[in-house]
Amino acid sequence: MHDEGNFPHRVWQIIAAIPFGRVATYGDVAQLAGSPRAARQVGGVLRRLPKETTLPWFRVINRHGRISLQGDDLLRQRDALEAEGVEVSDDGQIDMRVYRWRG
DNA sequence: TGAATGACAAATT
DNA sequence: TAATTTGCCATTC
């Protein structure tokens, strides 16, 4: 079935293009995917990724420069980002002026 | 087929 | 300035 142009596939492609050590917002990914108002759906796609995915899902954060996940998932995302040089302050804030990638 | 869901974002209090 | 509400829309059930 020809499902290469559907929304999830476009989201995967865009996230795969986020450079090492950079981040993008859900809204940015949605816009690049051609649906500027579908930021929420981007989260929906990432939410269903298999746990063993190679996609750099952790490079996607919200527009406030903060991680949207909670609990253990939040800790894992923060560690993954810091592991590639993205600084996350004690209160979970990331400097978007430095790390944000807009395509 | 339609209601429910939600890793967001903008508007409103 | 921070908390709450409203709008949003692809996917799931």
Side-chain angles (χ1 to χ4, degrees):
Chain A
M1 52 175 102
H2 299 245
D3 55 346
E4 298 178 356
N6 62 25
F7 188 76
H9 188 272
R10 295 201 299 278
V11 169
W12 298 330
Q13 291 283 49
I14 293 161
I15 293 178
I18 303 175
F20 182 96
R22 306 292 299 284
V23 299
T25 69
Y26 295 96
D28 288 341
V29 175
Q31 183 162 24
L32 291 170
S35 298
R37 313 293 147 146
R40 220 168 163 171
Q41 284 52 251
V42 173
V45 170
L46 298 189
R47 190 176 175 275
R48 303 177 211 45
L49 284 174
K51 195 173 181 184
E52 61 276 15
T53 183
T54 59
L55 203 70
W57 56 269
F58 50 84
R59 294 178 187 153
V60 184
I61 60 181
N62 64 35
R63 78 176 180 108
H64 300 298
R66 301 170 81 37
I67 294 172
S68 290
L69 290 173
Q70 301 293 318
D72 295 333
D73 289 331
L74 182 151
L75 298 180
R76 286 201 287 98
Q77 182 168 9
R78 190 192 62 196
D79 290 345
L81 288 171
E82 292 183 331
E84 55 181 51
V86 176
E87 294 183 38
V88 183
S89 67
D90 293 331
D91 60 339
Q93 185 67 42
I94 293 168
D95 191 339
M96 300 303 277
R97 296 174 305 177
V98 175
Y99 301 107
R100 190 178 195 180
W101 174 82
R102 309 239 191 187

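Within every chain, numbering begins at 1; the chains are lettered A, B, ... in the order of the sequence lines, protein sequences first and strands thereafter.
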Is [X] salt-bridged to [Y], cutoff N-O under 4.0 Å?
| X | Y | value |
| --- | --- | --- |
| A/R100 | A/D28 | yes |
| A/D73 | A/R76 | yes |
| A/E84 | A/R22 | no |

Provide, to the nearest angstrom, the distance between the [atom1] atom belonging to [X] and the [atom2] atom belonging to [N].
| X | N | atom1 | atom2 | value |
| --- | --- | --- | --- | --- |
| A/D91 | C/dT1 | CG | C1' | 15 Å |
| A/W57 | B/dA7 | CH2 | P | 13 Å |
| A/I61 | B/dC8 | CD1 | P | 12 Å |
| A/D28 | B/dA7 | CG | C1' | 15 Å |
| A/D73 | B/dG6 | CG | P | 14 Å |
| A/N62 | B/dG6 | CG | P | 18 Å |
| A/L69 | B/dG6 | CG | P | 14 Å |
| A/R59 | B/dA7 | CZ | C1' | 17 Å |

Do A/W101 and A/R59 touch side chain to side chain, with heavy atoms closer than 4.5 Å? no

Nearest-0.5 Å distance, CD of residue A/Q31 to CZ of residue A/R37: 8.5 Å

What one-letter contact string describes nucleotides 6-13 of chain C from 5' to 3', where B marks a base within less than 4.0 Å of any protein heavy atom, S marks contact via sugar-phosphate atoms alone, and - marks no contact? -BBBSSS-

If we check side chain to side chain contact (heavy atoms under 4.5 Å, CB included) with A/V60, which of these qualifies: A/L55, A/I14, A/I18? A/I18

